[in-house]
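What follows is a single structure, written as structure tokens, with notes after it.
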Amino acid sequence: MSGNQIRRSMPILPIGTVMQLTDLTARQIRYYEEHSLIHPARSDGNRRLYSLNDVDQLLEIKDLLDQGINMAGIKKILILKTEPAPIETTTTKPEVSNEEVRKILREELLQAGRFQRPGMQNERPRFFH
DNA sequence: ATTCTCACA
DNA sequence: TGTGAGAA
């Protein structure tokens, strides 16, 4: 049950293939990398090589973006994906499932994200007066 | 043919 | 985020 995981994390896809698989432009794919949303491997003459996991990662990013979440939020969400089991605190109290924590955090991010979104690009954030 | 980085009438 | 230039 790990052979596939190994394969899924194997860096083999050139950016061109990833573009077709995700419907994202090379510009966007590289842009997300600049913001540490993905970490494709490099090879040959400095060419990016993506794994199937990276492709899934990008598809999720695209989704989150459509949902109105920004890079910062996506970054946090992605970290939750990477570190599924935060910390089994020493407290043996009736645990609040990680899923519960995630749900809450996800909602928070949705809120934060909705602020600077396309639609009212000209309006400046006038929090006061 | 592809992808990379960098810059922007 | 798009686009084009010059190199690899």
Side-chain angles (χ1 to χ4, degrees):
Chain A
M1 273 150 261
S2 57
N4 290 308
Q5 288 309 327
I6 292 177
R7 272 182 280 264
R8 292 187 66 66
S9 60
M10 180 176 279
I12 52 178
L13 314 175
I15 197 168
T17 303
V18 178
M19 288 172 72
Q20 299 179 188
L21 262 32
T22 63
D23 282 301
L24 289 170
T25 65
R27 181 79 175 78
Q28 295 176 299
I29 297 173
R30 299 193 186 106
Y31 183 69
Y32 303 152
E33 180 185 349
E34 286 186 71
H35 290 272
S36 305
L37 267 40
I38 52 178
H39 312 115
R42 292 273 183 157
S43 188
D44 317 291
N46 192 43
R47 279 175 166 55
R48 273 168 261 252
L49 292 180
Y50 302 81
S51 66
L52 293 175
N53 281 326
D54 290 326
V55 173
D56 289 339
Q57 184 86 294
L58 285 168
L59 290 175
E60 290 183 44
I61 292 173
K62 201 175 75 165
D63 250 72
L64 267 16
L65 247 26
D66 288 332
Q67 287 177 45
I69 301 176
N70 59 165
M71 308 267 105
I74 294 177
K75 196 176 296 183
K76 293 180 182 179
I77 293 176
L78 255 36
I79 291 176
L80 291 182
K81 284 281 187 178
T82 305
E83 304 169 31
I87 299 175
E88 267 315 314
T89 50
T90 52
T91 61
T92 315
K93 283 180 168 291
E95 312 177 24
V96 177
S97 67
N98 289 321
E99 219 179 290
E100 190 60 56
V101 178
R102 291 195 200 180
K103 180 184 178 184
I104 297 174
L105 184 47
R106 181 165 57 70
E107 290 171 3
E108 281 183 30
L109 295 173
L110 273 171
Q111 287 303 313
R114 289 189 200 299
F115 254 88
Q116 280 209 324
R117 265 272 96 187
M120 53 166 268
Q121 296 123 346
N122 296 317
E123 284 305 314
R124 238 154 277 324
R126 295 165 189 153
F127 299 107
F128 312 110
H129 88 286

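In what follows, every chain begins at residue 1, and chains take the letters A, B, ... in the order their sequences are listed.
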Quiz item: Hey, what do you get for CG (A:Leu65) to CG (A:Leu37), rounding to the nearest 0.5 Å?
Solution: 8.0 Å

Practice problem: Check DNA chain B against residues 15-29 of chain A and give the residues with a non-hydrogen atom under 4.0 Å, in numerical order. | Solution: A:Ile15, A:Gly16

Self-check item: Dot-bracket encoding per residue of DNA chain C, Watson-Crick/G-U cut-off under 3.5 Å, | denoting interstrand
Solution: .|||||||

Exercise. Would you please name every residue forming a side-chain hydrogen bond (donor to acceptor under 3.5 Å, both in side chains) with A:Asp63, sequence neighbours left out?
Key: none

Quiz item: What residues form a side-chain contact (heavy atoms from CB on, under 4.5 Å) with A:Pro11, not counting sequence neighbours?
Solution: A:Ala41, A:Leu49

Quiz item: Could you state the interatomic distance from CG (A:Asn70) to CG (A:Leu64), rounded to the nearest 0.5 Å?
Solution: 10.0 Å

Quiz item: Under the salt bridge (charged side-chain N to carboxylate O under 4.0 Å, His left out) rule, what pairs show up with a residue in residues 26-40 of chain A, not counting sequence neighbours?
Solution: A:Glu33-A:Arg42, A:Glu33-A:Arg48

Self-check item: Test side-chain contact (heavy atoms from CB on, under 4.5 Å) applied to A:Leu24 - qualifying residues, sequence neighbours left out
Solution: A:Thr22, A:Gln28, A:Ile29, A:Tyr32, A:Leu58, A:Lys62

Quiz prompt | Neighbours of DNA chain B within residues 46-55 of chain A, by heavy-atom distance under 4.0 Å | solution = A:Asn46, A:Arg47, A:Arg48

Quiz item: Roughly how far apart are A:His39 NE2 and A:Ser51 OG, rounded to 0.5 Å?
Solution: 12.0 Å

Quiz item: Roughly how far apart are A:Ile61 CD1 and A:Asp54 CG, rounded to 0.5 Å?
Solution: 9.0 Å

Self-check item: Contacts of A:His35 that satisfy ring-ring contact (aromatic ring centres under 6.0 Å, His included) - sequence neighbours left out
Solution: A:Tyr31

Practice problem: With a 4.0 angstrom cut-off to heavy atoms of chain A, pull out the first and last contacting nucleotide of DNA chain B, in 5'-to-3' order. | Solution: B:dT2 to B:dT5

Quiz item: Under 4.5 Å between any side-chain heavy atoms of A:Leu52 and A:Leu13, yes or no?
Solution: yes

